[in-house]
Amino acid sequence: EHNYQGVVFEGDDKFKEILKSNFADITPAPKISWGYIKTEDAVSRLQANEVPLKFDAMKIDIDSFDAHVADTILAAGYRPQVIMVEFNPDIPPPFAWHQMESQYFSFADKAIKGNYGASATAWYKLLTQKYGYGIVGIELEDLEEPQFLRAEHNLWFVHGSLLEKKEKRVASFTDMTSMFWGAHFSAGTFMCLHAWHPCPLYNFVAPSISEDVGGVSPKDRAIALSNWMASTDAVALVAAQTFLKLAVEDQMVKLCQPDKGDLCLHESNVFTVTGN
C-alpha cells in the first residue's frame with residue numbers, strides 16, 4: 001500500500017527458505033543480502049543495496065557486537081528515524097557494557113553465557129548521548145509465549161528531530177532507568193537469561209524485591225539505586241565500580257578464549273550523570 005522497501009542482512013543459511021517464504025506475498029519484496037554483517041563491510045553493503053542516508057527504520061539483532069555495528073553505520077551518516085535494537089537485559093543501569101567485534105567471537109562459547117550485545121545503558125550512551133535518539137520503549141515480554149517472559153528484550157529509539165515535531169523531548173537517563181525497571185517488574189522475574197556467574201540483574205535488585213518499605217515500592221527502590229549509583233556521590237561511585245567488576249567484568253573475562261585469538265574485546269564503565 002505504501003510501497004515500502006527494505007533490505008535484510010542474514011548470515012545463517014538455515015533461514016534462507018524461511019525468509020523467502022515470509023517475503024513471498026510482499027510487493028515489492030525486501031532485498032536479502034546474504035552473509036554475516038561486520039563493521040568492516042556494514043557501510044559498503046548498505047551502499048551496494050542503495051540504502052539512502054535517511055530512511056525509516058533499522059533493526060539490529062545479531063547477538064554479538066550489535067552496538068559496534070550500529071555505531072559504524074551511524075558514524076557514516078546514516079540516520080534511520082526509528083531504531084530497534086536487542087539489548088542484554090542481564091546488566092542493569094548504570095552499567096554500560098558492550099561487546100566489540102572480534103573475528104573469533106563464538107555464540108556458543110560466549111553469547112549463550114552472557115557475553116554478548118550491549119546493556120541498556122550502553123545503548124543510551126551511544127544512541128541518545130552520541131547521536132540524539134530518544135528511547136521510547138522497552139520490550140521484555142513475549143506475550144505469545146508466557147512461559148518465556150523475558151525471551152524478547154528490545155529497545156526502541158526515535159530520532160530527536162522526529163520527537164521534536166511531535167512536541168516530545170528526548171528521554172533522560174532517569175527516564176531510561178524507570179523504563180528498564182518498570183519492564184522487569186512487569187515481567188515479574190529477575191533471573192538472568194544467560195549471565196549466571198553471578199547474575200548481575202538479581203544481585204543488583206535482590207535487596208529491593210521484598211515488600212514495600214516505608215511506603216516505597218520495590219520497583220521505586222531499584223530505580224533509586226540505579227540513579228544513585230550513576231550520581232557523582234563518591235560512595236556511590238565506589239559501590240558501582242565494585243559491582244561492575246565483580247558482577248559483570250570478572251565473569252565476562254572468564255569467557256575469553258585467548259588460545260583461540262579472542263582477546264575479549266569489550267567496553268565497560270559506570271555511567272555517571274553530571275547534570276539533569
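Note that the structure is predicted; figures quoted are calculated from it, not measured.
Looking at Thr72, its side chain never comes within 3.5 Å of a backbone N or O of Thr39 through a donor-acceptor pair. Side-chain atoms of Asp90 do not come within 3.5 Å of backbone N or O of Cys192 as any donor-acceptor pair. At least one donor-acceptor pair closer than 3.5 Å links the side chain of Asp12 to the backbone N or O of Lys14. Under a 3.5 Å cut-off, the side chain of Arg45 and the backbone N or O of Gly35 do form a donor-acceptor pair. Side-chain atoms of Ser268 never come within 3.5 Å of backbone atoms of Ala96 as a donor-acceptor pair (strictly under, hydrogens ignored). For Asn203 (side chain) and Ala247 (main-chain N/O), no donor-acceptor pair under 3.5 Å exists by modelled atom type. Side chain of Arg79 to main chain of Leu53: no donor-acceptor pair is present (N/O by atom type, distance under 3.5 Å, no hydrogens or angles). Judged purely by atom type and a 3.5 angstrom limit, His68 uses its side chain to pair as donor or acceptor with the backbone of Glu101. A distance-only check finds a donor-acceptor pair linking the side chain of Tyr133 to the backbone of Pro80 [under 3.5 Å]. Ser21 places no side-chain N or O within 3.5 Å of a backbone atom of Glu17 that could act as its donor or acceptor partner.
Atom CE of Met58 sits about 4.0 Å away from atom CD1 of Ile60, to the nearest 0.5 Å. The CZ atom of Phe185 sits 12.0 Å away from atom CG of Leu140, with the distance rounded to the nearest 0.5 Å. The CG atom of Leu193 sits 9.0 Å away from the CG atom of Leu201 when rounded to the nearest 0.5 Å. How far CG of Asn88 is from OG1 of Thr121: 11.0 Å, rounded to the nearest 0.5 Å. Summarising the geometry, atom CD belonging to Glu50 is positioned 9.5 Å from atom CD belonging to Gln5; distances are rounded to the nearest 0.5 Å. Here the OG-CD1 distance, from Ser186 to Ile138, works out to 11.0 Å after rounding to the nearest 0.5 Å.
Side-chain contact between Thr232 and Thr272 is present, with at least one heavy-atom pair separated by less than 4.5 Å. Annotation: side chain of Val85 is not in contact with side chain of Asp61 (no heavy-atom distance under 4.5 Å). Taking 4.5 Å as the limit, every side-chain heavy atom of Ile135 sits out of range of all side-chain heavy atoms of Val170. With a 4.5 Å cut-off on side-chain heavy atoms, Val158 and Gln81 do not count as touching. Side-chain contact between Ile62 and Val69 is present, with heavy atoms from C-beta onward closer than 4.5 Å. Proximity of Val8 to Ser33: side-chain heavy atoms (C-beta onward) are nowhere separated by under 4.5 Å. The shortest side-chain heavy-atom distance between Asp41 and Tyr36 does not fall under the 4.5 Å cut-off. Taking 4.5 Å as the limit, some side-chain heavy atom of Ile83 sits within range of a side-chain heavy atom of Leu127.
One hydrophobic cluster, built from ILVMFWY side chains closer than 4.5 Å, cannot hold both Met84 and Leu46; they sit in different ones. Hydrophobic cluster membership is shared by Phe55 and Val7, with clusters built from Ile, Leu, Val, Met, Phe, Trp and Tyr side chains linked at under 4.5 angstrom. Grouping the Ile, Leu, Val, Met, Phe, Trp and Tyr side chains by contacts below 4.5 angstrom, directly or via other members, places Leu225 with Val273. The hydrophobic cluster containing Val248 also contains Met191, counting ILVMFWY residues as joined when their side-chain heavy atoms lie under 4.5 angstrom apart, directly or transitively. Linking Ile, Leu, Val, Met, Phe, Trp and Tyr residues whenever their side-chain heavy atoms come within less than 4.5 Å leaves Tyr4 and Leu19 in two separate clusters.
Heavy-atom contacts from other residues, nucleotides or ligands closer than 6.0 Å to OH of Tyr202 number 12 or fewer. More than 12 heavy atoms of other residues, nucleotides or ligands lie within 6.0 Å of NZ in Lys31, so this atom counts as buried by the packing criterion.
Minimum heavy-atom separation, Ala236 to Met229: CB-CA, 4.0 Å. Pairing each heavy atom of Ala171 with each of Thr128, the nearest pair is O-CG2, 4.1 Å. Scanning all heavy atoms of the two residues, the minimum distance from Ala222 to Val205 falls at CB-CG2, 3.9 Å. Contact record, Leu126 with Ala67: CD2-O, 3.6 Å, taken as the closest heavy-atom pair. Heavy-atom minimum distance, Ala42 versus Ile73: CB-CG1, 4.1 Å.
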Report the C-alpha distance between Ile32 and Phe9 in whole Å, list the side-chain angles of each, state the deciding distance to 0.1 Å, and finish with yes or no for side-chain contact (heavy atoms from CB on, under 4.5 Å). CA-CA 6 Å; Ile32 303 177; Phe9 298 93; over 6 Å; no
Run the ring-ring contact (aromatic ring centres under 6.0 Å, His included) test on Phe95 and Phe271 for me, step by step, so that the C-alpha distance in whole Å, both residues' side-chain angles and the decisive distance to 0.1 Å come before the verdict. CA-CA 6 Å; Phe95 307 108; Phe271 179 79; over 10 Å; no
Dump the intermediate steps for side-chain contact (heavy atoms from CB on, under 4.5 Å) on Tyr78 and Gln47, then the final yes or no. CA-CA 10 Å; Tyr78 287 94; Gln47 293 171 338; 3.4 Å; yes
side-chain hydrogen bond (donor to acceptor under 3.5 Å, both in side chains) between Glu10 and Trp34, worked out: CA-CA 5 Å; Glu10 179 56 63; Trp34 294 108; over 6 Å; no
List the steps and the verdict of ring-ring contact (aromatic ring centres under 6.0 Å, His included) for Trp181 and Phe204. CA-CA 11 Å; Trp181 289 116; Phe204 188 90; 5.8 Å; yes
Please determine whether side-chain contact (heavy atoms from CB on, under 4.5 Å) holds for the pair Asp71 and Lys130, giving the CA-CA distance in whole Å, both sets of side-chain angles, and the decisive distance to 0.1 Å. CA-CA 9 Å; Asp71 192 18; Lys130 188 172 182 178; 3.1 Å; yes
Begin with the C-alpha distance, continue with both residues' side-chain angles, and end with the deciding distance and a verdict on side-chain contact (heavy atoms from CB on, under 4.5 Å) for Phe87 and Phe180. CA-CA 11 Å; Phe87 75 107; Phe180 179 93; 3.9 Å; yes
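Tested against Pro94 for a side-chain contact (heavy atoms from CB on, under 4.5 Å), the candidates Trp228, Phe243, Phe173 yield a single pass: Phe173. Checking each of Glu164, His159, Lys165 against Ser161 for a side chain to side chain donor-acceptor pair (under 3.5 Å) leaves exactly one that passes, namely His159.
Residues Asp66 and Lys59 are not paired through a salt bridge, judged by the lack of any N-O separation under 4.0 Å between the basic side chain and the carboxylate.
By the side chain to side chain donor-acceptor pair (under 3.5 Å) test, Lys54 is found to be paired with no residue, residues two or more places apart in sequence or in another chain being considered. Every side-chain contact (heavy atoms from CB on, under 4.5 Å) that Asp220 has, sequence neighbours left out, goes to Val216, Ser217, Ile223.
Checked by atom type, the side-chain pair Asn115/Lys254 shows no donor-acceptor distance below 3.5 Å. Judged purely by distance below 3.5 Å, without hydrogens or angles, the side chains of Trp97 and Glu267 never pair a donor atom with an acceptor atom. Side-chain atoms of Asn227 and Thr174 form no donor-acceptor pair, as typed in the model, at a separation below 3.5 Å. Side chains of Asp175 and Ser172: a donor on one and an acceptor on the other come within 3.5 Å. When only modelled atom types and interatomic distance are considered, Gln99 and His266 share no side-chain donor-acceptor pair under 3.5 Å.
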